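Reading through the C-alpha cells given below for one structure.
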Amino acid sequence: MRGWLKLTIGLGVLTGLLVGADRVAVGVAEDEAADQLVSSGRLNTRPHVSIDGFPFLTQALSGEFDGVHLSADGVQVSDGRQQVSVHAFKAGLSGVSVGDSYRSATVRTATGSGLISYPDAAKLVQGADRLDLSYGGPGKVKASVAGISIGEGKVHSEGNTVVADGFQLTGMAAALNGKVKDLLSPRSFTLSRLPAGLSLAGVTPEPEGLLLDFRGSDVRLIG
C-alpha cells in the first residue's frame with residue numbers, strides 16, 4: 001500500500017511539473033509570436049497572442065498549431081494616403097505552421113474583425129471633406145453637413161473597398177436637391193494595407209462605427 005501511495009504521489013508531482021513546464025513554454029511562445037508580428041510589419045502594435053491546445057510542447061515539436069487567437073487595439077490600416085486606427089481588432093487563426101524559431105508562420109484559414117470610427121472613416125473618403133458620417137440604422141450611414149442631416153445611404157464592400165451609395169436626401173436637403181446632390185454621390189475607399197495579411201470580407205454599420213470583417217486563407221503571417 002505504501003508503495004502504491006508513493007508511486008501515486010510521485011506521478012502527481014511529475015504531472016504537475018510537466019504541466020507547469022508546458023504553461024511556461026506556451027507563455028514564452030506567445031510573447032515571441034507577438035514580437036515577431038510587430039517586427040515583421042504585419043501589425044503596428046503589439047497584440048495579445050493566445051495559443052490553443054494542450055499540451056503545447058507536442059504542438060511546438062511538430063511546428064503545427066490548431067488554433068491561435070490575436071487581439072489588439074489601435075491597429076493601423078491605410079488606403080495608401082491616410083492611416084486610421086482599427087479598434088478592438090481580433091482574429092482567429094486555424095492551421096498555423098511555424099518555423100525558424102517563430103520567425104516564419106503561415107495560416108490555413110483566418111477570420112477577424114475590427115471597428116473604424118465614423119470620423120476616421122470620413123477621413124478615408126476622398127472628396128467628402130465637408131461630410132460627417134454617423135450611424136443611420138441597420139446597414140446604413142447618415143451624412144451630415146455642419147450638424148444637419150442631408151441623407152442616408154447603404155454600406156457594403158467590394159473586395160477591399162468599402163462603398164457607401166444609394167443615398168436618399170432627407171429633411172431640408174430634399175428641398176435643396178441640386179445643391180447637395182453632388183455631396184451624396186457614391187463614396188468609397190480602398191484599404192491597401194490590412195492587419196495580419198487578411199482581406200476585407202464585409203462591412204456593417206454599427207452605432208460606434210464601421211465593423212469590418214476580415215478573412216484569409218493560406219496567409220503568410222510572418223516572414
Side-chain angles (χ1 to χ4, degrees), residues 15 18-79 83-116 139 155-163 190-206 208-223:
T15 300
L18 290 174
V19 170
D22 191 85
R23 296 301 86 193
V24 170
V26 73
V28 171
E30 289 168 345
D31 286 342
E32 181 63 23
D35 291 339
Q36 290 297 331
L37 280 165
V38 175
S39 63
S40 69
R42 288 302 192 181
L43 291 173
N44 68 291
T45 187
R46 195 176 189 276
H48 172 75
V49 178
S50 176
I51 299 175
D52 293 344
F54 178 84
F56 163 77
L57 291 173
T58 57
Q59 296 184 82
L61 289 172
S62 69
E64 298 280 343
F65 298 91
D66 293 334
V68 177
H69 297 276
L70 311 177
S71 60
D73 201 62
V75 173
Q76 296 289 304
V77 295
S78 172
D79 64 352
Q83 283 192 338
V84 300
S85 294
V86 172
H87 302 286
F89 170 75
K90 57 183 179 181
L93 316 177
S94 298
V96 181
S97 300
V98 300
D100 193 21
S101 299
Y102 293 89
R103 285 188 285 271
S104 68
T106 57
V107 179
R108 186 171 62 249
T109 59
T111 60
S113 64
L115 193 76
I116 294 181
V155 178
H156 57 96
S157 64
E158 299 174 359
N160 285 347
T161 300
V162 176
V163 180
T190 299
L191 297 172
S192 58
R193 183 181 178 185
L194 292 170
L198 301 177
S199 299
L200 185 63
V203 57
T204 304
E206 298 287 350
E208 300 84 6
L210 296 179
L211 180 64
L212 306 182
D213 289 318
F214 304 110
R215 295 288 186 277
S217 57
D218 298 322
V219 175
R220 191 165 188 82
L221 185 64
I222 299 173

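Because only heavy atoms are used, hydrogens play no part in the values below, and waters and symmetry mates are left out as well, while side chains stay in. Sequence positions, counted from 1, serve as the residue numbers for this chain. Since this is a predicted model, take the numbers as computed values, not measurements.
- Residue L43 comes nearest to A196 through the heavy atom pair CD2-N, 4.0 Å, listed as atom of the first residue, atom of the second, then distance.
- Taking each heavy atom of P195 and V75 in turn, the nearest pair found is CB-CG1, 3.6 Å.
- Here OG1 of T204 is found 12.5 Å from NE2 of H156. Values are rounded to the nearest 0.5 Å.
- For the side-chain contact (heavy atoms from CB on, under 4.5 Å) test with H69, the passing option among D52, I51, V49, L93 is D52; the others fail.
- A heavy-atom distance below 4.5 Å is not found between the side chains of Q36 and R42.
- Atom CZ of R46 has more than 12 neighbouring heavy atoms from other residues, nucleotides or ligands inside a 6.0 Å radius.
- Residue R215 comes nearest to A201 through the heavy atom pair CG-CB, 3.2 Å, listed as atom of the first residue, atom of the second, then distance.
- For the atom pair OG of S97 and CZ of F65, the computed distance is 9.5 Å after rounding to the nearest 0.5 Å.
- A 4.5 Å side-chain heavy-atom check between P47 and V38 finds at least one atom pair inside the cut-off.
- Annotation: the span from I222 atom CD1 to L37 atom CG amounts to 4.0 Å, rounded to 0.5 Å.
- Summarising the geometry, atom OG belonging to S40 is positioned 10.5 Å from atom CZ belonging to R220; distances are rounded to the nearest 0.5 Å.
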### Task
Please test Q76 against S85 for side chain to side chain contact (heavy atoms under 4.5 Å, CB included), starting from the C-alpha separation and ending with a verdict.
CA-CA 5 Å; Q76 296 289 304; S85 294; 2.8 Å; yes
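- Residues A110 and L198 approach most closely at CB-CD2, 3.6 Å, considering heavy atoms.
- The salt bridge (Lys or Arg N to Asp or Glu O under 4.0 Å) contacts involving residues 63-79 comprise D79-R81, where partners must be two or more places apart or lie in separate chains.
- Considering only heavy atoms from C-beta on, F214 comes within 4.5 Å of L200 through its side chain.
- Under the side-chain contact (heavy atoms from CB on, under 4.5 Å) test applied with V203, the options I116, D213, L210 reduce to a single match, L210.
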#### Entry: CA sep, side-chain torsions, deciding dist, call: L191, L212, side chain to side chain contact (heavy atoms under 4.5 Å, CB included)
CA-CA 11 Å; L191 297 172; L212 306 182; 4.0 Å; yes
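- Minimum heavy-atom separation, S78 to Q83: CB-CG, 3.8 Å.
- The shortest non-hydrogen separation linking S113 to L211 is CB-CD1, 4.3 Å.
- Taking 4.5 Å as the limit, some side-chain heavy atom of N160 sits within range of a side-chain heavy atom of S199.
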